[in-house]
Protein chains: 2
Amino acid sequence: MGEPDPKTPRERYRAQVRAEIKEHAWEQIAAAGVPALSLNAVAKQMGVSGPALYRYFAGRDELITELIRDAYQSLADTFRAAFAAGADVGGLAHALREWALEDPQRYFLIYGTPVPGYHAPEDTVRVSDQIMTTLLDACAALTPDGPATPLDAHLEEHRDWADGHPAPPATLHRALAFWTRLHGVLSLELAGHFSGMGIDPALLFAAELDDLLTQRA
Amino acid sequence: MGEPDPKTPRERYRAQVRAEIKEHAWEQIAAAGVPALSLNAVAKQMGVSGPALYRYFAGRDELITELIRDAYQSLADTFRAAFAAGADVGGLAHALREWALEDPQRYFLIYGTPVPGYHAPEDTVRVSDQIMTTLLDACAALTPDGPATPLDAHLEEHRDWADGHPAPPATLHRALAFWTRLHGVLSLELAGHFSGMGIDPALLFAAELDDLLTQRA
DNA sequence: AAAGCACAGTTATAACTTCTAACGAACACG
DNA sequence: CGTGTTCGTTAGAAGTTATAACTGTGCTTT
């Protein structure tokens, strides 16, 4: 995952402790959310005293940033693996939902409430591009038709996010709709907004996916 | 907004101070997000010392809960006012986006990342029902057609969230799609996921809305 | 292999936070 | 005009992040 050459034994140890810290941090986040993540609690859980963790992470922010990085990478890997295994757009949607339900807080770490001041590091936007690229690859298989909309014209000019992908505007539009609609259902499901309504989120998700796959015009 | 009868002068004063505290809390949240909301900072900003706020709120959690309550009420009022002013579904969508852009953190307080342990108080779900009711009223004007889907059958049986609204399943479906799709675009816009891509969120929002309004079969 | 040094983990400390407790003072009410 | 409720204060407990200084252990280098 990280540096592929843990040459010296010190680096091996260091990498392992870092991974262990992140492991405990994920547990705490899954249990009580990001705001409840406490460096001290992680240290206590590891049987090590407070400031020891500062040898491995500059602070709470850097740890969280690292977790965000890992979350992006995990989603990108999941997408790429699914696509490589022959999954079509529906398969990608299924993989996305599986991945999100597996650890909702991890999903929210990427697509949840942003902190006003915070800006994601440069490499995460690159991984984010990989995610979109895989999605575009899958969407390219769908028939790109329909009349040109104002959005299509806009997308024709602003396609830098597609990272050089040769998809036509209609496909870009399709991929964007995919992203926003599935995120719409998924984020509300993960936030528990349907559980109080007695609605089965899986059916709603399937309905949205079906609508995307059988898109008219 | 709150209790409509501030009889005694003490109650008047108390209500005003509570409102002032919430005002400052909103500013802090808008500036740095919910996790950065500090009782102490609010007190300092009001020229009053720390524990004084505990006369008005039992603690940080109760203050945040109150802010969530106000956010729900604000959205419900906005929706109802727009509908009463003759807005159709498109008008409601416009009102929603305006309301969200006005204070993104307020939107995320309702539809953002949930805290695993937290459960919203009972009265907020009632206000949430009002929001859905207004949306259903607006959706009722749209032609409810199309073949019955598995989701429609499911909605026929689980329509308690519609709060006795006589809308047919197709309309319930329409309202849900409205909610999830607009939330999908809006939340990603507010989180800044489009700004790095060079995409105009307004166009994407408009495209999704148009697709909802000209829904086929 | 032995000497030296780099680094892990420790305790102590500072500056924060929420929140409780006890005290003084001001203001409303009978 | 007293009497009391309530407000705001200061003091303090328990928690947090983060820094600084110190002590070993063990890797690394000669």
Side-chain angles (χ1 to χ4, degrees), chain A residues 2-3 5-29 31-68 109 115-118, chain B residues 2-3 5-29 31-68 109 115-118:
Chain A
E3 315 302 335
D5 51 350
K7 211 163 36 188
T8 79
R10 278 225 151 111
E11 279 177 7
R12 293 183 72 89
Y13 178 75
R14 192 175 173 77
Q16 195 212 321
V17 174
R18 270 179 76 99
E20 192 178 347
I21 292 172
K22 290 197 280 186
E23 204 60 39
H24 288 281
W26 278 120
E27 289 173 16
Q28 284 201 9
I29 288 179
V34 173
L37 174 62
S38 161
L39 269 293
N40 238 322
V42 169
K44 196 167 299 180
Q45 200 173 353
M46 289 177 63
V48 63
S49 237
L53 301 191
Y54 287 81
R55 297 275 177 197
Y56 302 94
F57 292 96
R60 209 185 91 110
D61 286 3
E62 190 184 295
L63 173 57
I64 292 177
T65 297
E66 188 75 10
L67 296 180
I68 292 174
L109 215 50
V115 174
Y118 183 82
Chain B
E3 316 301 335
D5 51 350
K7 209 163 38 185
T8 79
R10 279 224 149 111
E11 278 176 8
R12 293 182 71 90
Y13 179 73
R14 191 175 175 77
Q16 196 211 322
V17 174
R18 270 181 76 99
E20 192 177 348
I21 292 173
K22 290 198 280 186
E23 204 60 38
H24 288 281
W26 278 120
E27 289 172 18
Q28 285 202 6
I29 288 179
V34 173
L37 172 62
S38 160
L39 269 294
N40 239 325
V42 169
K44 196 169 297 180
Q45 199 172 353
M46 290 178 62
V48 56
S49 236
L53 302 190
Y54 287 82
R55 296 277 178 196
Y56 302 94
F57 293 97
R60 209 184 92 109
D61 285 2
E62 189 185 296
L63 173 57
I64 293 179
T65 297
E66 189 75 9
L67 296 181
I68 292 174
L109 214 50
V115 175
Y118 184 81

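Keep in mind that what you see is a predicted model, and the values were worked out from it rather than measured. Numbered from 1 within each chain, the chains take letters A, B, ... in sequence-line order.
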**Student:** Among D:dT10, C:dA8, C:dT10, find the nucleotide with the atom closest to the side chain of B:Ser49.
**Tutor:**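 It is D:dT10.
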
**Student:** Rounded at 0.5 Å granularity, tell me how far NZ in A:Lys44 sits from OG in A:Ser38.
**Tutor:** 8.0 Å

**Student:** D:dT10 P sits how many Å from B:Leu53 CG, rounded?
**Tutor:**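 Atom CG in B:Leu53 sits about 14 Å away from atom P in D:dT10.
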
**Student:** Give A:Phe57 one of three labels, base, sugar-phosphate or nothing, depending on what nucleic acid heavy atoms sit under 4.0 Å from its own.
**Tutor:**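 Since no nucleic acid heavy atom lies under 4.0 Å of A:Phe57, the category is nothing.
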
**Student:** So, taking the atom named CZ in B:Arg60 and the one named OH in B:Tyr54, what distance separates them when rounded to the nearest 0.5 Å?
**Tutor:** 9.5 Å

**Student:** By nearest atom, which of the nucleotides C:dG9, D:dG26, C:dC27 is closest to the A:Arg10 side chain?
**Tutor:** D:dG26

**Student:** Which part of the nucleic acid does A:Val17 contact within heavy-atom distance under 4.0 Å: base, sugar-phosphate only, or nothing?
**Tutor:**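 No contact.
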
**Student:** When you check the phosphate oxygens OP1 and OP2 of D:dG8, does a side-chain N or O of B:Tyr13 lie under 4.0 Å from one of them?
**Tutor:**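 It does, given that an N or O in the side chain of B:Tyr13 lies less than 4.0 Å from OP1 or OP2 of D:dG8.
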
**Student:** State, with a plain yes or no, whether a side-chain heavy atom of A:Leu53 is found less than 4.5 Å away from one of A:Leu63.
**Tutor:**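 No, their side chains stay 4.5 Å or more apart.
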
**Student:** I want to check one thing: is the phosphate of C:dG9, taken as OP1 and OP2, less than 4.0 Å away from some side-chain N or O of A:Tyr56?
**Tutor:** yes

**Student:** Can you measure from CG (B:Leu67) to CZ (B:Phe57) and round to the nearest 0.5 angstrom?
**Tutor:**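 These two atoms lie 7.0 Å from each other.
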
**Student:** How many Å lie between CE on A:Met46 and P on C:dA8, as a whole number?
**Tutor:** 13 Å

**Student:** Check the distance between D:dT5's P and B:Arg14's CZ and give it to me in whole angstrom.
**Tutor:**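 So the CZ-P distance, B:Arg14 to D:dT5, works out to 16 Å.
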
**Student:** In whole angstrom, give the distance that lies between atom CD1 of B:Ile64 and atom C1' of C:dT18.
**Tutor:**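 B:Ile64 atom CD1 is separated from C:dT18 atom C1' by 12 Å.
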
**Student:** What's the spacing between B:Met46 CE and B:Glu23 CD if we round to 0.5 Å?
**Tutor:** 10.5 Å

**Student:** Would you say B:Arg55's side chain and B:Arg14's backbone share a donor-acceptor pair under 3.5 angstrom?
**Tutor:**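 No, B:Arg55 side chain to B:Arg14 backbone: no donor-acceptor pair under 3.5 Å.
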
**Student:** Output one letter per nucleotide in nucleotides 14-22 of chain D: B when a protein non-hydrogen atom lies under 4.0 Å from the base, S when only the sugar-phosphate is that close, - when neither is.
**Tutor:** --SBBB---

**Student:** Using whole Å, what does the distance between atom C1' of nucleotide D:dT6 and atom CZ of B:Arg18 come to?
**Tutor:** 15 Å

**Student:** Rounded at 0.5 Å granularity, tell me how far CD1 in B:Ile21 sits from CG in B:Leu39.
**Tutor:** 8.5 Å

**Student:** Take the protein atom CD of B:Glu62 and the nucleotide atom P of C:dC19, then report the distance between them rounded to whole Å.
**Tutor:**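 Checked: the CD to P distance equals 10 Å.
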
